[in-house]
Amino acid sequence: MSIVTEIKPNVQKVLSELYSYTATTSELTINTTKPEFEGDYTLVLFSFVKQLKKSPEILGQEIGEALIRNSPDMFTAFNVIKGFLNLTIADSYWHNVLQTNYSSKDFGTQKANNKKVMVEYSSPNTNKPLHLGHLRNIFLGWSIAEILYRCGYEVIKSCIVNDRGIHICKSMIAWQLFANSATPQSTNTKGDHFVGEYYVKFNDEYKRQVEELVNSGIKKEDAEKQAPIMAATQKMLLDWEAGNPEVMELWTKMNSWVYAGFDVTYKRIGADFQKMYYESNTYLLGKQFVEDGLKQGVFFKKEDGSVWIDLTADGLDEKLVLRKDGTSVYITQDLGLAQQKYDEFHYDQSIYVIADEQNYHMKVLKLILQKLGKPYADGIYHLSYGMVELPTGRMKSREGTVVDADDIVEEMVNVAKAKTEELGKVKDFTEAELKELYETIALGALKFFLLRVDPKKKMVFNPEESIDFHGFTGPFVQYTYARIKSVLRKVMDIKRAAINSGTLLKLERDLIISLEQYPSIIEQTITEHNPSVIAIYVFNLAKSFNTFYTEHSVMNAESDEKKQLRLQLCEMTANVIASGMGLLGIKVPERM
RNA sequence: GGUCCCGUAGUUCAAUGGAUAGAACGAAAGUUUCCUAAACUUUAGAUACAGGUUCGAUUCCUGUCGGGACUACCA
C-alpha cells in the first residue's frame, strides 16, 4: 500500500474523532510537500474549512496533533502554513520501505488478474518503409502492452497489416514498369525500402503524366483520372479482387519483400506480435453486421440500397456502413475485425494504438458496437496519439520530408558510437559488446524521446536537436544506472545487514520517498494509458539519485551503518530504474 | 459550415482545482588529489487575450485571436 493511501485513513479517523465528520477518500488531497517547506506529504485543508467552520490554521493544528497522537509510528512532526498541513513521516517508515523492497526486481508490479487485453499497434501499409510516426506508435503500443503484462494482465499484441488496396497496387505497377525484374537481393536493398522506392516512382510518373495531359489541354481533374499509370493501377486492383493469378503472384512476392524488411526493423527495435491480421483476409468481414444491424433497427437502408447508421443523436453524423453496390467500407471491416478478435481471444479490453486523426472513426466504431449490444464494445479503448511533426511542420511523404525509421535508428547508433569513443570509458569492451552498447544507448535515446511526451499531444522532432544524450533523455537515466552498478560491483561480497535505525539525511530521504512512489506511478500509467508518466518519473528518480550520489559517498560513508543503508538505496534505485526503463522497452547497460 | 484537440521560458516538454507555475536544451558562471563529469551546483527567463465560477484557475465555463485534425459510397 502506498504512503498516500495509508495516510488517508488516518486523516479520516481523526476527522471523525474530532469533528464527527465523515470524509471520503477522494475528498482528501494529499500531495508531496514542496521542497521549500518542512515535511514529506501535505494535506490540503481548504476543502474542510467551510463544513467544519474553523480556520485552516486551527484545523491544521488540531488535525496535526491528533495524527501524531494516534499514529506516532507514522507521523513525527507537522507544521501548518496557510491552509496546508505539512506532515513529516517517521524515518522508521522509510527504513521499512527500503528494507522490504530494495532487492526486489519486481517492486511495483502485480500478480495475475485473469484479465485479457489485446493491444493492436504498428499496423503499417505494405507499400513503404516505417517512419518516425510508426515508431511513436510502436514504442507506445509495446510499452503499454508490457506495462499491462507486468501488472497481471494476459496480453496479446496484434497488428493489422494494410496489405491490399489501391496504394499497394501503385508500387506493384511501378515495379512492373520500371524495375526490369530487379529485386531487393539483386540491388542489395532492404525489402521495404525497395518497394517504397517504387511507390515513390509511381507518384513521380503519375505527376509527370498528369502534367503532360494538362499541357495538352485537358482539365486537371480529368487528367488525374485519365493518366495511363493510374488507369493501369485501377485495373490491377480489379484484377487483384478477381484473383488474377499473375497479379496475386506479384502481390505476394512484393509483400514478402516488405515483410522481410519490416522483420529486420521490428527485431532491431524490439517490437513483437502474437497475432498478425491481414487486411486481405479481413476486408470482407463485417457484412454480417449489416444484416444484424438492419434487423435490430440500428441501421437503416436508403432508397439506393446503401446502408447507414444515424449517429446524430450522439453528436455525430450519419455514417455509411455498406455501399449501394453492396461492398463494405473501412468501418465495416473494423466491425468485423473487432468481432473476429473477440471470437478468437475473448478479450476484456481491446486497445487500439492509432493516431488521433482517427479519433472520429474510433468513436464511431465503439458506438456502433455498443448500439449493436456487443458484449465487448465497452472494452474497446482507442489509445490516441498525436502526430510527430518536424520543425517545418507535418511530415509529408510526397514532399520527401518523412524521417525514415531505419535511418533515424542508424543515425542514433552513429552518434552513440562517436560519443562513447570520445569519452573512452569502455575501451576494454569487445566488438560485440560495443555494438550492443551502441544499440542500447541509441534505442534508449530514441524510445525515451518519443515516450516522454503525453501520447495525446502532438510532438516536434528536430533531427538536429533531438539527438541529445544529456538532460531529460534515455542515456541520462542509463548512465545513472551504469554508475550505480559500478558501485555495486565493488561490494558484491559484502553482506548487507538490515538497517532499521538512524536518522535519514535529506537527500537519502528524498530518494526513498521517490522510490516509494513507483507502484503508484505504474498504476497512474495504466489508468491514463500514458507511459510518459513512467519516463518522467524515472528521470526524476535518476536526477534525485545523482544529487544524492554527488553529495554523499557510499564507499566512504561516515559509518558502516550509513554505508549499508546507501548500498541498499543504490540497489533499489538500480532495480527501479531497470524496471521502469524496461516498461518503456529500454535496456540499461552495466557500463557505459 | 459542423464536431473535436491544442496555444506555458528563446526551443522542446511538465504541473488529480492548491503554496512562490517545474524540468531539459540553449545562454551566463562555477565544481574533479574522492564511488564513471554522458554528472553536479548557481543565475536569468513563460501560462495567447478578455471576462466568469471560488477561499484559490495553467487546469473548469463563455467569448476573441492563432494553429491543427476530422467532417469521402478513400483506407
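Below, chain A is the first sequence line, B the second, and so on; all start at residue 1. Any value given below was found using the heavy atoms of this structure, including those in side chains, with hydrogens, waters and symmetry copies removed. Note that the structure is predicted; figures quoted are calculated from it, not measured.
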Checklist outcome for this item: salt bridge (Lys or Arg N to Asp or Glu O under 4.0 Å) pairs touching residues 305-318 of chain A, sequence neighbours excluded, are A:K302-A:E318, A:D314-A:K371

Next on the checklist: Can a donor-acceptor pair be found, under 3.5 Å and without considering hydrogens, that links the side chain of A:S486 to the backbone of A:A482?
Outcome noted: no

Checklist entry - Taking the side chain of A:W308 as heavy atoms from C-beta outward, which of B:rC73, B:rA39, B:rU12 is closest to it? => result B:rC73

Checklist entry - Which whole-number value in Å describes the distance from A:D317 CG to B:rA72 P? => result 7 Å

Next on the checklist: What contact category does A:I441 fall into here, base, sugar-phosphate, or nothing, at under 4.0 angstrom with non-hydrogen atoms?
Outcome noted: base

Checklist outcome for this item: Residue set satisfying side-chain hydrogen bond (donor to acceptor under 3.5 Å, both in side chains) with A:Q517, at least two apart, ordered chain then number -> A:Y41

Checklist entry - Counting just side-chain N and O atoms, does A:R394 come under 4.0 Å of either OP1 or OP2 of B:rA69? => result yes

Next on the checklist: Under 4.0 Å, heavy atoms only, any strand: does A:Y360 hit a base, just the sugar-phosphate, or nothing?
Outcome noted: sugar-phosphate

Item to check | Atom pair distance, as rounded to whole Å: NZ in A:K458 and P in B:rU12 | outcome: 11 Å

Checklist entry - Taking the six-membered ring where the residue is Trp, are the ring centres of A:Y199 and A:F202 under 6.0 Å apart? => result no

Checklist entry - Are the aromatic rings of A:W240 and A:Y283 close, with centres under 6.0 Å apart? => result yes

Item to check | Between A:N86 and A:T42, a side-chain donor and acceptor under 3.5 Å | outcome: yes

Checklist entry - Between the base of B:rC73 and the side chain of A:D304, is there any donor-acceptor pair under 3.5 Å? => result yes

Checklist entry - From the list B:rA14, B:rC40, B:rA75, which nucleotide is the closest neighbour of the side chain of A:E279? => result B:rA75

Item to check | Rounded P spacing from B:rG22 to B:rA9 in Å | outcome: 15 Å

Checklist entry - Between A:Y206 and A:E224, is there a donor-acceptor pair closer than 3.5 Å when you use the side chain of the first and the backbone of the second? => result yes

Checklist entry - Counting N and O atoms only, with roles assigned by atom type, does the side chain of A:E120 sit under 3.5 Å from a partner on the main chain of A:S158, one being a donor and the other an acceptor? => result no

Checklist outcome for this item: Nucleotide by nucleotide, nucleotides 28-37 of chain B touches protein heavy atoms under 4.0 Å in the pattern (B base, S sugar-phosphate only, - none) -------BBS

Item to check | Sole residue of A:T233, A:N127, A:N162 in side-chain hydrogen bond (donor to acceptor under 3.5 Å, both in side chains) with A:H167 | outcome: A:N162

Checklist entry - What is the distance from CG of A:L284 to C1' of B:rA75, rounded to the nearest Å? => result 15 Å

Item to check | Backbone of A:L285 reached by a side-chain donor or acceptor of A:T282 within 3.5 Å | outcome: no

Checklist outcome for this item: Whole-Å distance, A:N546 CG to B:rC40 C1', equals 8 Å

Item to check | Whole angstrom value for the distance that separates C1' of B:rA39 from CZ of A:F469 | outcome: 16 Å

Next on the checklist: Taking the C1' atom in each of B:rA57 and B:rG30, what is the distance between them to the nearest angstrom?
Outcome noted: 39 Å

Checklist entry - Just to confirm, is there a sub-4.0 Å distance from OP1 or OP2 of B:rC74 to any side-chain nitrogen or oxygen of A:R164? => result no

Next on the checklist: Run the side-chain hydrogen bond (donor to acceptor under 3.5 Å, both in side chains) test against A:Y438 and tell me which residues pass, sequence neighbours left out.
Outcome noted: none

Item to check | Span that lies between the C1' atom of B:rA21 and that of B:rC13, in whole angstrom | outcome: 14 Å

Checklist entry - Over how many whole Å does the gap from A:E389 atom CD to B:rC6 atom C1' extend? => result 11 Å

Checklist entry - Rounding to a whole Å, what distance do you find between A:E528:CD and B:rA14:P? => result 12 Å

Checklist entry - With no hydrogens and no angle check, is any side-chain donor or acceptor of A:D163 less than 3.5 Å from a backbone partner on A:S280? => result yes

Checklist entry - Under 30°, 30 to 60°, or over 60°: which ring-plane class applies to A:H529 and A:Y381, parallel, tilted or perpendicular? => result parallel

For nucleotides 18-25 of chain B, which of its nitrogen or oxygen atoms have a protein nitrogen or oxygen under 3.5 Å away, and what is each distance?
unit_1, atom_1, unit_2, atom_2, d
B:rA19, OP2, A:K34, NZ, 3.4
B:rA19, N6, A:T42, OG1, 2.8
B:rA19, N6, A:N86, OD1, 3.0
B:rA19, N1, A:N86, OD1, 3.2
B:rU20, OP1, A:K82, NZ, 3.1
B:rA24, O2', A:F472, N, 3.3

Item to check | Separation between the P atoms of B:rG67 and B:rC73, rounded to whole Å | outcome: 28 Å

Checklist entry - Tell me the salt bridge (Lys or Arg N to Asp or Glu O under 4.0 Å) pairs involving residues 42-56 of chain A, sequence neighbours left out? => result A:K54-A:E62

Checklist entry - Base, sugar-phosphate, or nothing: which does A:N359 touch, judged by heavy atoms less than 4.0 Å apart? => result nothing

Next on the checklist: For the C1' atoms, the ones on B:rG18 and on B:rU59, what distance do you get once it is rounded to whole angstrom?
Outcome noted: 11 Å

Please tabulate, one pair per line, each protein N/O and nucleotide N/O from nucleotides 52-54 of chain B that are separated by under 3.5 Å, including the distance.
none

Checklist entry - Who are the ring-ring contact (aromatic ring centres under 6.0 Å, His included) partners of A:F78, not counting sequence neighbours? => result none

Item to check | Aromatic contact, A:Y479 with A:F469 (centres under 6.0 Å) | outcome: no

Pairwise N/O distances under 3.5 Å, protein to nucleotides 8-10 of chain B:
none

Item to check | Spacing of the C1' atoms in B:rU53 and B:rG10 (rounded, Å) | outcome: 35 Å

Checklist entry - Using a cut-off of 4.0 Å on non-hydrogen atoms, how would the nucleic acid contact of A:T547 be classed: base, sugar-phosphate, or nothing? => result sugar-phosphate

Next on the checklist: Between B:rU12 and B:rU8, how far apart are the two C1' atoms, rounded to whole Å?
Outcome noted: 12 Å

Checklist entry - For atom P, what is the distance between B:rG26 and B:rA39, given to the nearest Å? => result 10 Å

Checklist outcome for this item: Hits for side-chain hydrogen bond (donor to acceptor under 3.5 Å, both in side chains) against A:Q478, two or more places apart or cross-chain, chain-then-number order -> none

Item to check | Pair A:N255-A:T126, side chain to side chain donor-acceptor pair (under 3.5 Å): steps then yes or no | outcome: CA-CA 6 Å; A:N255 273 348; A:T126 59; 2.9 Å; yes

Checklist outcome for this item: Assert: residue with more 5' nearest nucleotide on RNA chain B, out of A:L316 and A:S328, is A:L316

Checklist entry - Can you list the stems that RNA chain B is part of, where a stem is at least 3 pairs in a row, each Watson-Crick or G-U, with both distances below 3.5 Å? => result B:1-7 with B:65-71, B:10-13 with B:22-25, B:27-31 with B:39-43, B:48-52 with B:60-64

Please output the side-chain donor-acceptor pairs of residues 530-539 of chain A that fall under 3.5 Å, not counting sequence neighbours, one pair per line with the distance.
unit_1, atom_1, unit_2, atom_2, d
A:N530, OD1, A:S532, N, 3.0
A:N530, OD1, A:S532, OG, 2.6
A:N530, ND2, A:E528, OE1, 3.4
A:N530, ND2, A:S532, OG, 3.4
A:Y537, OH, A:S514, O, 2.7

Checklist entry - Given that A:M387 and A:G315 both sit by RNA chain B, which one's nearest nucleotide is further toward the 5' end? => result A:G315

Item to check | Interatomic distance, A:N462 CG vs B:rG26 P [rounded to whole Å] | outcome: 13 Å

